[in-house]
> 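Have a look at this one before I ask anything.
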Amino acid sequence: MRLELRAKSFGNQPVLGPLTLSVARGQRVALLGPSGIGKSTLLRILAGLDRSFDGRLTAPERLALVFQEPTLLPWRQAEANITLTTGATPARARALMAEVGLAGHEAKFPRQLSLGQQRRLSLARAFATDPGILLMDEPFASLDADTGARMLDLTEALLTRSGAGLVLVTHDPAEAARLGATALRLAGSPAVLG
Ligand SMILES: Nc1ncnc2c1ncn2[C@@H]1O[C@H](COP(=O)(O)OP(=O)(O)OP(=O)(O)O)[C@@H](O)[C@H]1O
C-alpha cells in the first residue's frame, strides 16, 4: 500500500502535513510520536476509514485492523465472532483460536473472556481474512506486562507465518523493536514523518 498525503485537517486545524508511506507484504513499520500528534489519524487514513484528506491512497492488499478495544460482537460466541465477520470456516476459526491459546473457549461469549483473551480473539479474527497488511492501533496497551508480552509474541508468530505486512501505532519503541518494525516518528505541527 502507498499513501501520498499532502494534508489532513480537522476543520481548520491542520493535523498532518506532506508525507509518503509505503508498506508491502512482509514489511513492518511502527508509527511513533507523542500523544495527539496524529498517529491514529494516519492509521485511519491508511485503513480507508477516513477519506477526507488531500492526497492519494493506493491499497490493493487485503487489510485487517486490530484496535486497542477488541470490538467483539457481545451477543455471539467466540468462534462465531470469527466466522460471522470474516467468512472463515468453523475449522479455520478453531485452528486460529488454538494458535492464540484459546482452544476450549470457542463457545464462550466475549463477556466470559478476560481482556487479554478478548484481545487474542480479535488478533485471531484479524488473521482469519488472510490479510496482506495488518493495521494495529495500540493493541498491546493497558495489558499487564505478561499478557502484553504474550500478545506481542503471538503477533510476531502470526505475522511471520502469514507473511503479512504491519503498520503498528504505538507509544513504545520496545514494541516496535520486538516486532522488527522500522520506527517512523511523527513530529511537528502539522506532523510529518521524521
Ligand atoms: N474526529 C476528530 N475531529 C476533530 N479532531 C480530531 C478528530 N480525531 C482526532 N482529532 C485531533 O487530531 C489530532 C491527532 O489525533 P490522533 O488521535 O490521531 O493522535 P494520536 O497521535 O493517535 O494520539 P494518542 O497517542 O493520544 O492516541 C489531535 O489534536 C486530535 O484532537
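These numbers come from the heavy atoms of this one structure, side chains and all, not from hydrogens, waters or symmetry mates. Note that the coordinates shown come from a computational prediction; the quantities given were computed from them, not determined experimentally. Counting starts at 1 for both ligands and their atoms, following the listed order. By convention here, the first residue in the shown sequence is residue 1.
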> Does Thr41 approach ligand 1 within less than 4.0 angstrom via side chain, backbone, both or neither, non-hydrogen atoms only?
both

> Would Gln13 count as a contact of ligand 1 if the rule is a heavy atom under 4.0 Å away?
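For ligand 1, residue contact (heavy atoms, under 4.0 Å) with Gln13 is present.
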
> Select the closest option to atom 21 (O) of ligand 1 among Gln68, Lys39, Glu138, judged by heavy-atom distance.
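Considering heavy atoms of Gln68, Lys39, Glu138, the nearest to atom 21 (O) of ligand 1 sits in Lys39.
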
> What protein heavy atom is closest to atom 26 (O) of ligand 1, reported as residue, atom name and distance in Å?
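Here the nearest protein heavy atom works out to Ser35 OG, 2.6 Å.
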
> Decide if atom CZ of Arg161 counts as having more than 12 heavy atoms of other residues, nucleotides or ligands within a radius under 6.0 Å.
yes

> Is Pro34 near ligand 1, meaning one of its heavy atoms is under 4.0 Å from it?
yes

> Under 4.0 Å from atom 9 (C) of ligand 1, is there at least one protein heavy atom?
yes

> If you group Ile, Leu, Val, Met, Phe, Trp and Tyr by side-chain heavy-atom gaps below 4.5 Å, do Leu135 and Phe127 land in one group?
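Result: no, two separate clusters.
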
> Any chance CD of Glu69 has more than 12 other-residue heavy atoms, nucleotides or ligands included, within less than 6.0 Å?
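Open: at most 12 neighbouring heavy atoms sit under 6.0 Å from CD of Glu69.
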
> Identify, for atom 27 (O) of ligand 1, the protein heavy atom at the shortest distance, and state residue, atom and that distance.
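Residue, atom and distance for the closest contact: Ser40 OG, 4.0 Å.
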
> Would you say atom 3 (N) of ligand 1 touches the protein, meaning some protein heavy atom is under 4.0 Å from it?
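Yes, at least one protein heavy atom sits under 4.0 Å from atom 3 (N) of ligand 1.
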
> In terms of atom number and element, which parts of ligand 1 are under 4.0 angstrom from non-hydrogen atoms of His171?
25 (O)

> Between CD of Gln117 and OG of Ser122, what distance do you get to the nearest 0.5 Å?
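That separation rounds to 12.5 Å.
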
> State yes or no: do Leu65 and Ile82 share one hydrophobic cluster built from I, L, V, M, F, W and Y residues joined by side-chain heavy-atom distances below 4.5 Å, directly or via other members?
no

> Hey, is Asp50 close enough to Lys8 for a salt bridge, meaning N to O under 4.0 Å?
yes

> Using the side chain to side chain contact (heavy atoms under 4.5 Å, CB included) rule, take Arg56 and Arg2 through it: C-alpha gap first, then chi angles, then the decisive distance, then the call.
CA-CA 8 Å; Arg56 193 157 62 112; Arg2 182 174 172 83; 6.0 Å; no

> With a cutoff of 4.0 Å, is Gly36 in contact with ligand 1, counting heavy atoms of the residue only?
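Per 4.0 Å heavy-atom rule, Gly36 contacts ligand 1.
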
> To which protein heavy atom is atom 1 (N) of ligand 1 closest, and what is the distance rounded to 0.1 Å?
Phe10 CE2, 3.8 Å

> May I ask you to check whether Glu4 and Thr20 show a side-chain donor-acceptor distance below 3.5 Å?
no

> Kindly confirm or rule out an N or O of Gly38 lying under 3.5 angstrom from an N or O of ligand 1.
yes

